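Report on the structure given below.
Here the structure is a predicted model, which is why all the values come from computation and not from measurement. Below, read A as the first sequence line, B as the second, and so on, with proteins coming before strands; counting in each chain starts at 1.
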Protein chains: 2
Amino acid sequence: MPRPATVSPEQILDAAALEFSERGYAGARVDRIARRAGVNKAMLYYHFGSKQSLYRALLRWIFSRAADRLLPIAAAAVPADEKIARVISAIAAFTAEHAFFPAIMLREVADGGVHLDPDTLQALARVPMVVGGVVRQGVADGTLRRVHPMTAYFSMLAPIVFFLAGEPIRKQLAARRLANMASLTPEVFVDELQQTVRLALAPSAPRASAAGRRHAHNRSSLRRKRL
Amino acid sequence: MPRPATVSPEQILDAAALEFSERGYAGARVDRIARRAGVNKAMLYYHFGSKQSLYRALLRWIFSRAADRLLPIAAAAVPADEKIARVISAIAAFTAEHAFFPAIMLREVADGGVHLDPDTLQALARVPMVVGGVVRQGVADGTLRRVHPMTAYFSMLAPIVFFLAGEPIRKQLAARRLANMASLTPEVFVDELQQTVRLALAPSAPRASAAGRRHAHNRSSLRRKRL
DNA sequence: GTCTATACTTCGATAGAC
DNA sequence: GTCTATCGAAGTATAGAC
């Protein structure tokens, strides 16, 4: 019983990605998704049941793909700081292919996960899990300084996602001459962010040849309770 | 002709802040805002004219207050890296007083500014302006390494906003046992982020006594075209 | 300034023919 | 599997009495 190779479901997901990323869950219109997908609204309901199911299917799909993209980076035989640079590049590359990804992520955080069922939540959690694992390993083998893995996660992921999602508003600011960040292209930003994060997470002692020192001690005393 | 000192407009703004931050512009319901404010829906329209005007008034109000909070930090007579640590603290403190702020910010970035008129856009632009000024000054006097001011802006603001806005979803993740970040309280996070950003933006040469060195040169050669 | 009642529109979802 | 037509709920906004 081969899969009914008509043309709809993937096209619907693509259209839904655009619509949901541009307008959010509440602002998205089922009619518009159907029209953008070139299918009938009833067709959409036939395949996905409801607006909510469609949204969840989209989130599972996009976050699973994102996490899958990061897995080989986490598994590579390179130091943690190099993995982190690659994660940043990978998010940027992933966004170049799926431009709607950053806005979806911002919106889901802002929505507090109210539309998510357990399966979707789990798919969504894989991204911080993978990145956190990279950091934890780097901290353990002394390649990175001691930080909470989730601090490192937010320090690298939030800027790149925020920046990429912010392109439309930067254009508005430029059009109104309220700011001009045209020189800050995604390429430049990725490059600077990689260096920024590398410096931020480097062990505090000068610069060993990436070999294992046990702990990186902080200069500033009264921090660090536990991770 | 004294201002009609009835009780409504501020209460409406407060209620609107909650509703818009929780649901976004499209998801917010005028009826709910009115009910939360304890006023009639017609009263709301009497004071603000439309859902859109109310939303814009809210954004102008909250972003102006945020920028006003940062101004004295930018003007203080302390090194740029200390100002940056204070900016991070200030955003966290501001959010403690106005819990809806981070979600509003995320949503507005994701929405690409589609609901904004020029005045509101200008109010919104003041926050990156002030922070960018701090960084530019720090780069100029050698207190910070050479980065694009907006790279620094995103590196400090995106993580704190993202983290603070993400509290609801972290609770969901914890409830489903998909992650437990309970040890990462806002206090710990702010502390770690301050140190992270300080390291990320410190001049690359060892550590002068905060006095003026002209330029901080990067180790890595082929970066840095212009800022 | 404040409230009730309601006009007008849009949206998610389905019925039912093919 | 696909389409047209439409229902019923919910939403923004206003009219008009007080």
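- In this structure, A:Tyr45 reaches the C:dA13 phosphate: one of its side-chain N or O atoms is under 4.0 Å from OP1 or OP2.
- Computed from coordinates, the B:Leu44 CG to D:dG11 P distance equals 15 Å when rounded to whole Å.
- Rounded to whole angstrom, the span from the NZ atom of A:Lys51 across to the P atom of D:dA10 amounts to 14 Å.
- Taking only side-chain atoms of B:Met43, from C-beta outward, the nucleotide of C:dA13, C:dT4, C:dG1 with the closest atom is C:dG1.
- Taking atom OH of residue B:Tyr25 and atom P of nucleotide D:dG11, one finds them 14 Å apart after rounding to whole Å.
- Between B:Ile62 and B:Phe94 the shortest side-chain heavy-atom distance falls below 4.5 Å.
- Each of A:Ala42 and A:Ala26 lies near DNA chain C, and the nucleotide nearest A:Ala26 is the one positioned closer to the 5' end.
- With salt bridges taken as basic N to acidic carboxylate O contacts below 4.0 Å, one links B:Arg126 and B:Asp68.
- Rounding to whole angstrom units, NZ of residue A:Lys41 and C1' of C:dG16 are separated by 16 Å.
- Atom NE2 of B:His115 and atom P of D:dT12 are 12 Å apart (whole Å).
- Taking the six-membered ring where the residue is Trp, A:Phe100 and A:Trp61 present parallel rings, their angle staying beneath 30° rather than reaching 60°.
- When heavy atoms are screened at a 4.0 angstrom cut-off, B:Ala34 is found touching no nucleic acid atom at all.
- Phosphate contact (OP1/OP2 of D:dA10, side-chain N/O of B:Arg29, threshold under 4.0 Å): absent.
- A cation-pi arrangement is absent between A:Arg56 and A:Phe48, since the terminal nitrogen or guanidinium carbon is not both under 6.0 Å from the aromatic centre and inside a 45° cone about the axis.
- Rounded to whole Å, atom P of C:dT14 lies 16 Å from atom NE2 of A:His47.
- Rounded to whole Å, atom C1' of C:dC11 lies 11 Å from atom CZ of A:Arg32.
- Minimum atom distance to the side chain of B:Asp31 is reached by D:dT12, of the listed D:dT12, C:dT2, D:dT2.
- At a threshold of 4.5 Å between non-hydrogen side-chain atoms, the residues A:Glu97 and A:Arg69 count as touching.
- Of the candidate nucleotides D:dT2, C:dT2, D:dA13, D:dT2 has the atom lying nearest to any side-chain atom of A:Tyr46.
- Between the CG atom of A:Asn40 and the C1' atom of D:dT4 there is a distance of 8 Å, rounded to whole Å.
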